[in-house]
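Basis for what follows: all heavy atoms, side chains included, without hydrogens, waters or symmetry-related copies.
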Amino acid sequence: MKLEPLYSIKVQCIHCEHEFETSRVRPSFKKAYRTDTDFCAYYKSENPDYYVVRICPSCGFASTENSLIKLNDKQRSVFQTQIACRWESRDFGGRRSLEEALETYKLGLLCAQIIGERERIIASLLHHIAWLYRYQENQEQERRFLRYSLESYIRVFELEGVGANDAKLLYLIGEIHRRLGQYQEAVQWFARVVQDQKIVDAAMIRASREQWRVASEQLREEKGHALGAE
C-alpha cells in the first residue's frame, strides 16, 4: 500500500476551543530537492510549508505550532471584534494549493499582528509569504515581503539581542539584505557571524563566510558599474 504524503492531526482552537483537523506532510516526504540560500525549500510532492498555518474553521483563528498556547481576555476580545465576528466558516483541513497556502499565511499574519504575537513568529510568517510569491515567480511581491521580513528580523535582533544560538538570525538578516541588493549591509551582517567569538554554529559560520564572499563580489561589481557610468 502506497503511503499518502498528507496525514491529519487534531488541534483545539485556543480562541473558541473548537476541535478541528488539519493536514501535515509525513516526515518521509519532507526531503527537499533544492534549497535557496535563505532556506526556501523545493519539493517534488507536497510542500510541508503549505501546511504550517492551522486555521479553525469555526472562528477563523490562525496559528502555527510555535504560536501562543493561550490567549488573554484582551487578545480574545480584539480577535473576536476584528476577525471572528466576520468569519464565514471555511475548512482548510485538506490538501492546499499554493494560492490556499498563501491565504492561510496572510490570515496567520493578520491574527499574529492583532493579538501581538512574538516578533519572531511575525518575521517567520512574512518570510514564508515571500517564499510563496517566489514559487509563483512574482518578484515584486516577493521583494515586498522580503523587505517586511527583514524589518521584522531586525526588530527581533534589537528586542532580544543575540545569544550563541542566534547565528541563523544574523545570517538571515545578511542574506535578505543581499537578495534586496543591499550588499554593503549584507557584508556587515555576515561579518558579525564570522567574527563573533560567542557564535559556535559551524554551519552558519560557513554559510556566512560564503555569502560574505558573494555579497562582497556583488558590491565590487556595483561600484564598478557606478564608476563606469560616471
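Checked against the 6.0 Å centroid criterion, the rings of Phe39 and Tyr171 qualify as a close aromatic pair. A centroid separation of less than 6.0 Å is found between the aromatic rings of Phe157 and Trp189. Proximity of the aromatic rings of Tyr42 and Tyr135 is defined here by a centroid distance below 6.0 angstrom, and this criterion is met.
Sequence neighbours left out, not one pair with a member in residues 75-86 passes salt bridge (charged side-chain N to carboxylate O under 4.0 Å, His left out).
For the ring pair (Phe, Tyr, Trp, His ring centres under 6.0 Å) with His128, the qualifying choice from Tyr133, Tyr105, Tyr50 is Tyr105, the only one to do so. The one candidate from Val187, Ile173, Val214 that meets the side chain to side chain contact (heavy atoms under 4.5 Å, CB included) condition with Arg178 is Val214.
By the 30° and 60° cut-offs, the orientation of the rings of Phe61 relative to Phe79 is perpendicular.
By the side chain to side chain donor-acceptor pair (under 3.5 Å) test, Glu151 pairs with no residue at all, sequence neighbours left out.
Donor-acceptor pairing under 3.5 Å is lacking for the side chains of Ser152 and Ser149. When only modelled atom types and interatomic distance are considered, Asp36 and Trp131 share no side-chain donor-acceptor pair under 3.5 Å. In this structure, a donor-acceptor pair under 3.5 Å is absent between the side chains of Glu19 and Gln12. A side-chain donor from one of His177 and Gln182 sits under 3.5 Å from a side-chain acceptor of the other. Looking only at atom types and distance, the side chain of His127 has a donor-acceptor partner in the side chain of Tyr153 under 3.5 Å away. Donor-acceptor pairing under 3.5 Å is recorded for the side chains of Arg179 and Thr37.
In this structure, OH on Tyr148 lies 13.5 Å from CZ on Arg143, to the nearest 0.5 angstrom. Atoms CG and CD, on Leu172 and Glu175 in that order, are 8.0 Å from each other to the nearest 0.5 Å. Note that OG1 of Thr22 is 10.5 Å distant from OH of Tyr7, once rounded to the nearest 0.5 Å.
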